[in-house]
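To start, the structure under review is shown below, and the notes come after it.
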Amino acid sequence: MIVILKPDPNQDQLKSLLSWLQEKGITIHTSVGEARTILGLVGDTSQLDADLIAALDIVEDVKRIHEPYKNANRMFHPEDTVVKVGNTRIGGGSLTLMAGPCSVESEEQVVTIAKAVKASGATMLRGGAFKPRTSPYAFQGLGAIGLEYLKTAREETGLPIITEMMDISQLPLFKDVDVIQIGARNMQNFDLLKAVGRQEKPVLLKRGMSATYEEWLMSAEYIMAGGNHNVILCERGIRTFETYTRNTLDLSAVPVLRKLTHLPIIIDPSHAGGKSWLVDSLSMGAVAAGCDGLEIEVHNDPAKALCDGPQCLRPDAFHRLAGKLLTLHETVKNLEA
Ligand code: PEP
Ligand code: MN
């Protein structure tokens with residue numbers, strides 16, 4: 001971090017800034033120029049609030065050289081992180097297909113869908129038991145019993161399960177879940193992030209609908225700072241002026257995150273487009289862009305789905321798409337080799 005001082009800074013204030021920085025373990029390289037004095041700060045500057053320093057009377061400007069996230073930063077961890085979930089590996093060149101209903105509706109429904117998506121090449125089963133719905137009158141999910149149905153589906157198929165946790169109080173219920181999903185609406189629920197950071201299960205962190213990459217990575221940093229480095233990022237579309245699609249899929253997220261972070265990148269084309277007929281194109285685009293996997297909603301009877309029916313694929317459509325995606329992924333890998 002570089003701190004540019006105003007001309008003729010008050011010496012008492014400068015002294016107190018320098019000793020405050022030194023107390024924090026920061027080494028300071030001072031360069032006195034004709035017009036300006038510049039302080040080069042070396043050490044763990046991620047703990048410093050650049051805005052706070054910039055607001056001091058003696059400070060003209062502050063420039064960060066490194067991003068404020070450290071654990072998630074590729075600069076400090078050049079190799080891709082590979083998150084292991086049972087026999088499934090997320091990241092590091094493979095393509096993980098996570099598929100299943102938006103919400104778990106019954107044991108029979110989730111087991112039927114789990115068998116179908118597994119037969120098509122999915123290696124993880126998704127399904128919400130606790131649902132963050134815009135309307136309090138809409139189906140809120142089956143709750144704890146929904147988690148039991150997911151576990152039955154796992155027993156029947158061997159597929160690991162990923163499901164959304166909405167509140168810290170639910171953590172004990174999630175002890176047998178394989179991957180905890182933090183939804184878009186909770187991306188900045190910092191207490192929730194801290195709680196999942198203190199445990200070891202992998203966490204799939206969805207992008208908040210108006211979150212910048214930096215805000216998203218700072219949320220990943222919350223989880224990692226607690227000791228849990230098994231974080232997977234999921235782009236699920238952001239809010240823009242466009243209303244035709246449910247959200248706008250930001251495919252730039254794949255190359256941008258690839259550059260900024262070592263964490264695996266998953267694309268959710270279902271919540272991005274909000275329409276089942278968009279899922280193929282968005283998924284193909286995401287694989288071509290180099291994502292590590294997709295999370296796709298699949299329902300055996302979308303017209304009767306209790307949640308997100310319009311964006312769910314039928315199992316036969318998922319089967320065709322999965323075949324195309326796995327082939328495309330191989331092609332992209334060969335082209336990049
Ligand atoms: C979901 O995956 O079911 C979900 C609610 O997604 P998001 O948090 O991206 O809206
Ligand atoms: Mn959904």
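The figures here come from the full heavy-atom set of this structure, side chains too, leaving out hydrogens, waters and symmetry mates. Both ligands and their constituent atoms are indexed starting at 1 by order of listing.
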Q | Nearest protein heavy atom with distance in Å, relative to atom 6 (O) of ligand 1 | A | Lys206 NZ, 2.9 Å
Q. For Ala184, is at least one N or O under 3.5 Å away from an N or O on ligand 1?
A. yes
Q. Do any N/O atoms on Lys131 end up under 3.5 angstrom from N/O atoms on ligand 1?
A. yes
Q | Within-shell test, Glu297 vs ligand 1, heavy atom, strictly < 4.0 Å | A | yes
**Q.** Atom name of the N, O or S atom in Glu297 that lies nearest to the Mn ion (ligand 2)
**A.** OE2
Q: Would you mind running through ligand 1 and noting each atom that sits below 4.0 Å from a heavy atom of Gln181?
A: 1 (C), 2 (O)
Q. Got a sec: does the CD of Gln47 have more than 12 other heavy atoms crowding it under 6.0 Å?
A. yes
Q.
With respect to Glu164, determine whether any N or O atom, backbone or side chain, lies less than 3.5 Å from an N or O atom of ligand 1.
A. no
Q | Heavy-atom nearest option to atom 10 (O) of ligand 1, drawn from Arg207, Arg185, His271, Arg133 | A | Arg185
Q | Contact atoms of ligand 1, heavy-atom distance to Gly183 under 4.0 Å | A | 8 (O)
Q. Taking the N/O/S atoms of Asp308 one by one, which is nearest to the Mn ion (ligand 2)?
A. OD2
Q) Any side-chain heavy atom of Val179 sitting closer than 4.5 Å to one from Val203? A) no
Q. Taking the six-membered ring for Trp, are Phe76 and His66 parallel (under 30°), tilted (30 to 60°) or perpendicular (over 60°)?
A. perpendicular
Q.
For Tyr213 and Asp250, which I'm curious about, is there any donor-acceptor pair between the side chains at under 3.5 Å?
A. yes
Q: List the closest protein heavy-atom neighbour of atom 9 (O) of ligand 1: residue, atom name, distance to the nearest 0.1 Å.
A: Arg236 NE, 2.6 Å
Q: Compare all side-chain heavy atoms of Arg74 with those of Arg258 and state whether any distance is below 4.5 angstrom.
A: yes
Q: Decide, counting backbone as well as side-chain atoms, whether Cys307 has an N, O or S atom less than 2.8 Å from the Mn ion (ligand 2).
A: no
Q. Looking only at distance, does Arg126 have an N or O less than 3.5 Å from an N or O of ligand 1?
A. yes
Q.
What I'd like to find out is whether the side chain of Leu39 reaches to under 4.5 Å of the side chain of Leu18, using heavy atoms alone.
A. yes
Q) Are Gln311 and Arg246 close enough that a side-chain donor and a side-chain acceptor fall under 3.5 Å? A) yes
(Q) Surrounding CG of Asp49 (heavy atoms of other residues, nucleotides or ligands, distance under 6.0 Å), is the total greater than 12? (A) yes
Q. When you check the side-chain N and O atoms of His271 and Asp268, is any donor under 3.5 Å from an acceptor?
A. yes
